[in-house]
Amino acid sequence: MPSLLQLTDCHIYADSAARFDGVDTRASLSAVLAQVQSRLQSRAPADALLLTGDLSMDGSRASYAWLSGALEALAAPVYAIPGNHDDPACWPRAGRGGFVATPAVVELPPWRLLLLDTRIDGVAHGALGAAQLAWLERRLAQPTQPYDVIFMHHPPLAVDSPWLDAMGLCDAARLWALDGLAARVRAIVCGHVHQVFDRRHGGVRVLTTPSTCVQFEPRSRRYATDARAPAYRVLELGEDGTLTTTVERVAMATIQSSAPRR
């Protein structure tokens, strides 16, 4: 049974002294990774670690260099896709991590992971675009495994926060209209909104995951943060097509501003 871990919205800066709404994003990610590493060492290893965008806050080479070093100790394959804050050209596929060449397929029988890029250069909202939608429709028509799960940054549904929904996936209607989507895809797993969201649409489960740093207040009309702790998501993909998932939070007391810098 494939086991996946999803981390998202790390917002690492080039400047180690920079803060996101007062949060040291390097320290908070270090605390999350320490908990992930403990999990990997004490239980069955994960088949993949998915990083679903906004890994950097400033899209800088220095931020990705630090992130690559932070990921070195993890005993799991890493697949990263960009978010609206990222610059894929600044994190080449060398060393630990690096953005995958999207769209991409990862085969974990009897499941297939479909990795998509919703980033539009210079803006906060996202889109899949005609070429990527056509690629996805072809893959749905040519299944190589019984079950599919999609990973991308921007969620394809409104999350009931007007300020966040204004920078969602602008071609979501075209995604939902694809032949085979409802029949083939068990879930679409996203980041971007810094909160837990779990809803079904057209028979497909849509999940978003808290950030490894700052959380956003659910159902807020304007920008507002939430005091809940950083987190990551665990996904267990059943042999029968069932998907079970939990969100694991990290105690804020474990996040030290003196976390190692790279």
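Treat the numbers as computed from the prediction; the structure is a model and nothing was measured. If you read the sequence from its start, that first residue is 1, and numbering goes on from there.
- Scanning both residues, Val32 and Pro230, for their nearest heavy atoms gives CG2-CB, 3.9 Å.
- The two atoms that bring Phe20 and Val214 nearest to each other are O-CG2, 3.2 Å, heavy atoms only.
- Ring-plane geometry between Trp91 and Phe99 is classed as perpendicular, the angle between the planes exceeding 60 degrees on a 0 to 90 degree scale with a lower cut at 30.
- Between the side chain of Asp47 and the main chain of Ser3, a donor-acceptor pair closer than 3.5 Å is present.
- Residues Ala166 and His125 approach most closely at O-CB, 4.5 Å, considering heavy atoms.
- Annotation: side chain of Leu29 is in contact with side chain of Leu67 (closest heavy-atom distance under 4.5 Å).
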(request) Any chance you could lay out the side-chain contact (heavy atoms from CB on, under 4.5 Å) test for Thr212 and Leu33, step after step, and finish with the verdict? (result) CA-CA 9 Å; Thr212 64; Leu33 290 175; over 6 Å; no
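- By the 4.0 Å N-to-carboxylate-O rule, Arg228 lies close enough to Asp226 to be salt-bridged with it.
- A donor-acceptor pair under 3.5 Å links the side-chain atoms of Ser56 to the main chain of Asp58, judged by distance alone.
- No salt bridge links Arg233 with Asp198; every basic N to acidic carboxylate O contact stays at or beyond 4.0 Å.
- Smallest separation of non-hydrogen atoms from Gly168 and His154: O-CD2, 4.0 Å.
- For the residue pair Thr246 / Glu248, a side-chain donor-acceptor distance below 3.5 Å is found, with atom types taken as modelled.
- Two residues are said to be in side-chain contact when any heavy atoms from C-beta on lie closer than 4.5 Å; Thr225 and Val23 fail this criterion.
- For Ser220 against Trp163, the heavy-atom pair with the smallest separation is OG-NE1, 3.1 Å.
- A donor and an acceptor atom, one from each side chain of Asp86 and Tyr64, are located under 3.5 Å apart.
- For the residue pair Pro156 and Cys190, the shortest heavy atom distance occurs at CD-SG, 3.8 Å.
- Between the CZ atom of Arg174 and the CG atom of Leu136 there is a distance of 11.5 Å, given to the nearest 0.5 Å.
- For the pairing with His192, the side-chain hydrogen bond (donor to acceptor under 3.5 Å, both in side chains) check across Thr208, Asp9, Asn84, Thr52 returns one residue only, Asn84.
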(request) Apply the test side-chain contact (heavy atoms from CB on, under 4.5 Å) to residues Leu175 and Leu133: give CA-CA distance (whole Å), side-chain angles for both, the deciding distance (0.1 Å), then the verdict. (result) CA-CA 7 Å; Leu175 171 67; Leu133 286 164; 4.1 Å; yes
